[in-house]
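Starting from 1, each residue takes its place in the sequence as its number.
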Amino acid sequence: MDDPDLRRTRFRLFCTGILVTLASVAASMFSTHMSFELLGGVRYSVSMTSAAIIPLMIAPAAYGWVAMLTMQLERKTRMMERLSRTDPLTSLPNRRAFIDNSERWLENGSLAVAMIDLDHFKQINDRLGHAGGDQALVHAAGLLRDTAPDGALVARLGGEEFGLICPLDGSPADLAEEVWLLKLDIMRHRLNSVPLITQGQAVHISASFGFAIMHAGDTLDSLLKRADTAMYEAKQAGRNCVRIAA
């Protein structure tokens, strides 16, 4: 299904096509009328009919071709924009989309952030090879996306690192760190309990989570750093756990 912007573009092109056709007919009829007034020699009704019919035959076809090329360009432009904001391996939003959405959501309110790093991924990659490592990333990405809280965005930031952002509505439940600890622990448990089946073996994947809620005076950079620090604390605590930033 086309997105709303493409539908609006199509509607604008349709309306412009009607205006161009009507303008072409009016210009042709006016030109013919002036020629008849100045030169005469041709039946007026025949001349005016021809002046109306010829643009009606030519203008829609010509403008239709231009409109088709415009729509193709619009679709390709939007496709390139989506590709520039999507991780090609996991189909999750990439770092650029993660930062852009974070900045936009911050303009409208507070934000919660989690940094997620897969544990011992190098060992998984060495054990399964690069193709198997890619399968592990896709598997982890799908589980993280499917178990993320409502309204949250999960992105692949690079390598085996993922990020989660979620706008906050300001309610006590939304701001309660204990509630978020439970939400993220559900994600962590699901990731660790559903193994990747590949190459005749079950590969269990775990991750370390660092979480931060925006405090007064926080910028996006400071919020991300706090979440990143909490994630490293989870690593130091033995991995496969969630830590909340101070």
Inset, instruction - Could you walk me through whether R96 and D100 pass salt bridge (Lys or Arg N to Asp or Glu O under 4.0 Å), step by step? - result: CA-CA 6 Å; R96 175 188 171 189; D100 287 350; 3.8 Å; yes
Legend entry - For A141 against L92, the heavy-atom pair lying closest together: CB-CD1, 3.5 Å
Legend entry - Closest approach of A212 to A227 (non-hydrogen atoms, all atoms of both residues): CB-N, 3.8 Å
Inset, instruction - Consider only side-chain heavy atoms of I, L, V, M, F, W and Y, link residues closer than 4.5 Å, and tell whether L184 and L191 are in one cluster. - result: yes
Inset, instruction - Indicate, with yes or no, if L196 and V194 share a hydrophobic cluster defined by side-chain heavy-atom contacts under 4.5 Å among Ile, Leu, Val, Met, Phe, Trp and Tyr. - result: yes
Taking atom [atom1] of [X] and atom [atom2] of [Y], what is their separation to the nearest 0.5 Å?
{"X": "F98", "Y": "E103", "atom1": "CZ", "atom2": "CD", "result": "11.0 Å"}
{"X": "L181", "Y": "D185", "atom1": "CG", "atom2": "CG", "result": "6.0 Å"}
{"X": "I124", "Y": "L137", "atom1": "CD1", "atom2": "CG", "result": "8.5 Å"}

Legend entry - Donor-acceptor contact present, side-chain T86 to main-chain P88, <3.5 Å: no
Legend entry - Expected output: side-chain D228 to main-chain L224 donor-acceptor under 3.5 Å: no
Legend entry - Selection residues 186-240 - residue pairs positive for ring-ring contact (aromatic ring centres under 6.0 Å, His included), sequence neighbours left out: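 Passing the test, one end in residues 186-240: W180-F211.
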Legend entry - Pair listing, ring-ring contact (aromatic ring centres under 6.0 Å, His included) test, anchored in residues 115-151, at least two apart: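 Of all non-adjacent pairs touching residues 115-151, none passes ring-ring contact (aromatic ring centres under 6.0 Å, His included).
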Please list, chain by chain and in numerical order, all residues satisfying side-chain hydrogen bond (donor to acceptor under 3.5 Å, both in side chains) with [X], sequence neighbours excluded.
{"X": "Q201", "answer": "R127"}
{"X": "T198", "answer": "Q135"}
{"X": "S193", "answer": "none"}
{"X": "D119", "answer": "S206, S208, K235"}

Legend entry - All pairs passing salt bridge (Lys or Arg N to Asp or Glu O under 4.0 Å) where residues 130-140 contributes a residue, at least two apart: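 As it turns out, there is no salt bridge (Lys or Arg N to Asp or Glu O under 4.0 Å) pair with a partner in residues 130-140 once direct neighbours are skipped.
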Inset, instruction - Using the salt bridge (Lys or Arg N to Asp or Glu O under 4.0 Å) rule, collect all pairs that involve residues 212-223, keeping only residues at least two apart or in two chains. - result: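 For residues 212-223, and leaving out neighbouring residues, the salt bridge (Lys or Arg N to Asp or Glu O under 4.0 Å) pairs sorted by first residue read D218-R226.
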Donor-acceptor list for residues 107-116 side chains, cut-off 3.5 Å, not counting sequence neighbours:
none

Inset, instruction - Report the residues that fulfil salt bridge (charged side-chain N to carboxylate O under 4.0 Å, His left out) with D126, sequence neighbours left out, ordered by chain and then residue number. - result: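 Applying salt bridge (charged side-chain N to carboxylate O under 4.0 Å, His left out) to D126 gives K122.
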For residues 145-167, please give each side-chain donor-acceptor pair under 3.5 Å, one per line with the distance, not counting sequence neighbours.
from, atom 1, to, atom 2, distance (Å)
T147, OG1, L143, O, 2.7
R156, NE, G159, O, 3.0
R156, NH1, D87, OD1, 3.2
R156, NH1, D87, OD2, 3.3
R156, NH2, G159, O, 3.0

For residues 236-246, run the donor-acceptor check on the side chains, cut-off 3.5 Å, and write out each pair with its distance to 0.1 Å, sequence neighbours left out.
from, atom 1, to, atom 2, distance (Å)
N240, OD1, R188, NH1, 3.1

